[in-house]
Visitor: 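First the structure, which I've put down as C-alpha cells, then a few questions once you've had a look.
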Amino acid sequence: MKETVAARKKRVAEIDQVLSGRYPETTALHFQNIFQLLVATILSAQCTDERVNRVTPGLFERYPDAAAFASASLVDLEEAVHPTGFFRQKAKSIKTCCEVLVRHHSGEVPLSLEEMVKLPGVGRKTANMVLGNAEGIPGVVVDTHVKRVAARMGLTENIDPDRIEGDLARLMPDDRWTPFSNLVIYLGRDKCTARKAKCNECPVAGMCPKIGL
DNA sequence: CTCCCGATAT
DNA sequence: ATATCAGGAG
C-alpha cells in the first residue's frame with residue numbers, strides 16, 4: 001500500500017534525527033570563506049573530498065581571491081587542480097567563473113541561488129551546497145549520493161535532480177534542508193554506497209523500504 | 001546524450 | 001573490464 005505524505009514526512013524526520021545523532025559533524029570540504037567553498041565544490045565534481053582537500057591549501061595560498069584566479073595562467077591553474085580530475089574543465093570553469101565574479105559582482109560570491117546558477121561551472125547542486133554550508137541559506141543539495149539514497153529509501157519517485165530537490169524540500173522544514181543533505185551525503189559515502197550497500201551496518205535501515213518498512 | 005579525467009572498487 | 005566518484009556544459 002502506498003505511503004501517505006504525512007507518513008513519509010514522519011519517516012524523514014526520524015531518518016534526520018537518527019543520522020544527526022550518528023553523524024554530528026559532516027562537513028568534509030575544507031574552506032575558510034564562501035569563495036573558497038565555491039572553488040572547492042567545483043573541484044569536487046566526480047572526485048572525493050579528500051583529493052580536493054589535498055589541493056586547496058596550496059591553491060588558495062597561490063590564488064587568494066577571485067581576482068587572483070581571474071588573472072591566473074590557465075596552464076598553471078590546470079596544473080594546480082590536476083589531481084582532482086577533469087582538470088582542463090575545472091580550471092576553465094574556475095577561471096571564467098572568477099572573471100564573472102570580478103566583472104559583475106565586485107569579486108564577491110553572490111548570495112542568491114538565482115545569481116549563483118548563472119556563474120559558469122555552477123549548477124543547482126553546487127549553489128545549494130555553497131550557500132547552505134557557508135552562509136546558512138537553506139537549499140536541498142542533490143548530488144549523486146542524495147539521488148541514489150533518496151531513491152533507495154523511497155523518498156522520491158523522480159529521476160530528475162531538480163524534481164528530487166523539490167520532493168525532498170516538501171518533506172521537511174527548510175531549516176533542515178542543508179543539514180539533511182549533508183547527512184544523506186555522508187550516509188551515501190559511508191554505508192549506502194553505489195555498488196555494495198552495507199545495509200547491515202546502516203543506522204536507518206529500519207526506516208528503509210529496501211529492508212522493510 | 002556525450003564529453004571531460006584518472007584513480008579505485010568490484 | 002567496467003562502474004563510479006560532492007557535475008555541468010555543449
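Letters go in sequence order (proteins before strands), and every chain restarts at 1.
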Visitor: In whole angstrom, give me the gap between the P atoms of B:dC5 and C:dG10.
Guide: 14 Å
Visitor: Would you call the rings of A:Phe60 and A:Phe69 parallel, tilted or perpendicular, where under 30° means parallel and over 60° means perpendicular?
Guide: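 It falls in the perpendicular class, over 60°.
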Visitor: Using a cut-off of strictly less than 4.0 Å between a heavy atom of the residue and any atom of DNA chain B, enumerate the qualifying residues of residues 61-68 of chain A by number.
Guide: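 None, since no heavy atom is under 4.0 Å.
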Visitor: May I have the distance from A:Glu79 (atom CD) to B:dC5 (atom P), rounded to whole angstrom?
Guide: 15 Å
Visitor: Near DNA chain C, counting only heavy atoms under 4.0 Å, which residues of residues 108-126 of chain A show up?
Guide: A:Leu119, A:Pro120, A:Gly121, A:Val122, A:Gly123, A:Lys125, A:Thr126
Visitor: Would you please confirm or rule out a distance under 4.0 Å between OP1 or OP2 of C:dC5 and any side-chain N or O of A:Arg189?
Guide: no
Visitor: Going by an N to O cut-off under 4.0 Å, is there a salt bridge joining A:Glu114 and A:Lys118?
Guide: no
Visitor: Output the rounded distance in Å from CD1 (A:Ile94) to P (B:dC5).
Guide: 13 Å
Visitor: Mapping A:Thr193 and A:Ala127 to their closest nucleotides on DNA chain C, which lands nearer the 5' end?
Guide: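 It is A:Thr193 whose nearest nucleotide is closer to the 5' end.
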Visitor: Of A:Val142, A:Thr41, A:Thr144, which is the lone residue that meets side-chain contact (heavy atoms from CB on, under 4.5 Å) with A:Lys125?
Guide: A:Thr41
Visitor: A:Asp143 CG to C:dG8 C1': how many Å, rounded?
Guide: 14 Å
Visitor: How many Å lie between NZ on A:Lys90 and C1' on B:dA7, as a whole number?
Guide: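 So the NZ-C1' distance, A:Lys90 to B:dA7, works out to 12 Å.
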Visitor: If the threshold is 4.0 Å, N to carboxylate O, is there a salt bridge linking A:Glu14 and A:Arg8?
Guide: no
Visitor: Between P on C:dG8 and CG on A:Asp162, what's the gap in Å once rounded to a whole number?
Guide: 10 Å
Visitor: Looking only at atom types and distance, does a side-chain atom of A:Thr156 sit under 3.5 Å from a main-chain N or O of A:Asn158, one as donor and one as acceptor?
Guide: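 The answer is yes, because a donor-acceptor pair under 3.5 Å joins these two groups.
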Visitor: Give me the atom names and distance for the closest heavy-atom approach of A:Gly139 to A:Asn128.
Guide: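 Closest approach of A:Gly139 to A:Asn128: CA-OD1, 3.5 Å.
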Visitor: Measure distances between side-chain N and O atoms of A:Arg195 and base N and O atoms of C:dT4, and say whether any donor-acceptor pair falls under 3.5 Å.
Guide: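 Checked by distance alone, the answer is yes.
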Visitor: Could you walk me through whether A:Tyr23 and A:Asp190 pass the side chain to side chain donor-acceptor pair (under 3.5 Å) check?
Guide: CA-CA 10 Å; A:Tyr23 307 124; A:Asp190 190 30; 2.9 Å; yes
Visitor: Select one nucleotide: of B:dG6, C:dC5, C:dG7, the one nearest the side-chain heavy atoms of A:His82.
Guide: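 Taking heavy atoms from C-beta onward, the closest nucleotide is B:dG6.
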Visitor: Which part of the nucleic acid, if any, lies within contact of A:Phe86, taking any heavy atom under 4.0 Å across all strands shown: a base, the sugar-phosphate backbone alone, or nothing?
Guide: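 The residue A:Phe86 makes base contact.
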Visitor: Find the distance A:Ile42:CD1 to C:dC5:P and express it as a whole number of Å.
Guide: 20 Å
Visitor: What's the CD-P distance between A:Glu50 and B:dA9, to the nearest Å?
Guide: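 It is 11 Å, rounded to the nearest whole Å.
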Visitor: Can you name the one residue among A:Lys196, A:Arg22, A:Lys191 that meets salt bridge (charged side-chain N to carboxylate O under 4.0 Å, His left out) with A:Glu201?
Guide: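 Among the candidates, only A:Lys191 passes.
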Visitor: For residues 37-66 of chain A, which residue pairs pass the salt bridge (Lys or Arg N to Asp or Glu O under 4.0 Å) check, not counting sequence neighbours?
Guide: A:Asp49-A:Arg189, A:Arg62-A:Asp76
Visitor: How long is the line joining CZ of A:Arg88 and P of B:dC5, in whole Å?
Guide: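 After rounding, the gap between these two atoms is 4 Å.
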Visitor: Mind checking A:Thr144 for me? I need base, sugar-phosphate or nothing, with any heavy atom below 4.0 Å counting as a touch.
Guide: sugar-phosphate
Visitor: Between A:Lys90 and A:Glu78, does any side-chain N to carboxylate O distance fall below 4.0 Å?
Guide: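 No, no charged N to carboxylate O under 4.0 Å.
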